[in-house]
Amino acid sequence: MSPFIPLAFERLSPADSLARAEAFYATLRRRRSVRQFSSEPLPPGLVETLIHAAGTAPSGANQQPWRFVVVTDADLKQRLRAAAEAEEREFYAHRATAEWLADLEPLGTDWRKPFLEDAPVIVVVFRVDYERVGDKVRKHYYVHESVGIAVGLFLAAAHTAGLVTLTHTPSPMGFLNSVLRRPGNERPFVVIPLGYPADDAVVPDIHRKPLNAIIQYNDDAHEPG
Ligand code: IYR
């Protein structure tokens with residue numbers, strides 16, 4: 001067992017808690033997935049800090065089963081785009097069901113993925129399913145949950161830092177291992193173009209569910225009637 005140390009904890013007044021929660025929500029509610037990027041580069045060091053923030057996520061047995069691959073090279077981005085578009089052409093033409101395509105219609109997506117070249121940085125997140133330690137294999141736990149939380153923190157950090165992102169899932173994603181030369185214990189999780197929006201960027205006019213559609217109280221005080 002590791003030694004224990006006192007928790008570093010800042011106790012807020014109820015009013016400050018409410019105010020901070022409101023302020024955080026007011027920031028997060030302006031986050032949008034963006035598909036039109038400017039090629040303007042990021043301030044040096046910014047992506048590293050975002051990944052540092054993402055890496056604070058809780059994880060199964062604290063194994064931190066994630067790898068964030070940062071792609072900025074134009075030639076590599078071009079190869080990512082070509083490989084993603086090859087898969088996405090198949091997806092939109094054959095693999096997706098009619099129902100799936102109808103559900104995507106409001107988003108206006110198609111097989112073309114120019115953002116994979118336009119965005120100054122593409123962060124490709126891999127889940128690390130196991131690690132080799134000497135001649136042993138150390139299995140990781142709750143990898144999907146852990147990496148999902150880390151990606152959520154990354155998206156929130158990027159938005160707070162004034163950048164836009166897209167949570168992109170080309171399907172299937174196996175090509176990312178070969179293009180980025182990642183080992184077999186790492187599996188692609190999500191592709192995140194990161195940068196500034198194009199001047200003429202638009203987003204679909206879609207909305208978040210109201211609170212009463214996503215919250216369920218399990219107490220009598222909130223029973224209707
Ligand atoms: N991977 C495809 C399709 C796609 C699927 C879902 I679910 C989305 O929310 C958006 C897109 C693509 O990237 O276009």
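Predicted model only: the values in this text are computed from it and were never measured. Every number for a ligand or one of its atoms is a count from 1 in the order of the listing.
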Is a side-chain donor-acceptor pair under 3.5 Å present for R127 with H144? yes
Spacing of CG belonging to L116 relative to NE2 belonging to H168, to within rounding of 0.5 Å: 5.0 Å
Would you confirm whether the ring centroid of F189 sits within less than 6.0 angstrom of the ring centroid of W66? no
Answer yes when E117 and K77 have at least one side-chain N-carboxylate O distance shorter than 4.0 Å, and no when they do not. no
Set of residues satisfying side-chain hydrogen bond (donor to acceptor under 3.5 Å, both in side chains) with respect to N177, sequence neighbours excluded: none
N/O contact list for ligand 1, threshold under 3.5 Å:
{"from": "ligand 1", "atom 1": "1 (N)", "to": "E88", "atom 2": "OE1", "distance (Å)": "3.2"}
{"from": "ligand 1", "atom 1": "1 (N)", "to": "E88", "atom 2": "OE2", "distance (Å)": "3.3"}
{"from": "ligand 1", "atom 1": "1 (N)", "to": "T169", "atom 2": "O", "distance (Å)": "2.9"}
{"from": "ligand 1", "atom 1": "13 (O)", "to": "E88", "atom 2": "OE1", "distance (Å)": "3.1"}
{"from": "ligand 1", "atom 1": "13 (O)", "to": "K113", "atom 2": "NZ", "distance (Å)": "3.3"}
{"from": "ligand 1", "atom 1": "13 (O)", "to": "H168", "atom 2": "ND1", "distance (Å)": "3.2"}
{"from": "ligand 1", "atom 1": "14 (O)", "to": "E88", "atom 2": "OE1", "distance (Å)": "2.9"}
{"from": "ligand 1", "atom 1": "14 (O)", "to": "Y92", "atom 2": "OH", "distance (Å)": "2.5"}
{"from": "ligand 1", "atom 1": "14 (O)", "to": "K113", "atom 2": "NZ", "distance (Å)": "2.5"}

Begin from the C-alpha positions of N62 and Q64 and carry the test side chain to side chain donor-acceptor pair (under 3.5 Å) through to its verdict. CA-CA 6 Å; N62 191 35; Q64 305 167 58; 3.0 Å; yes
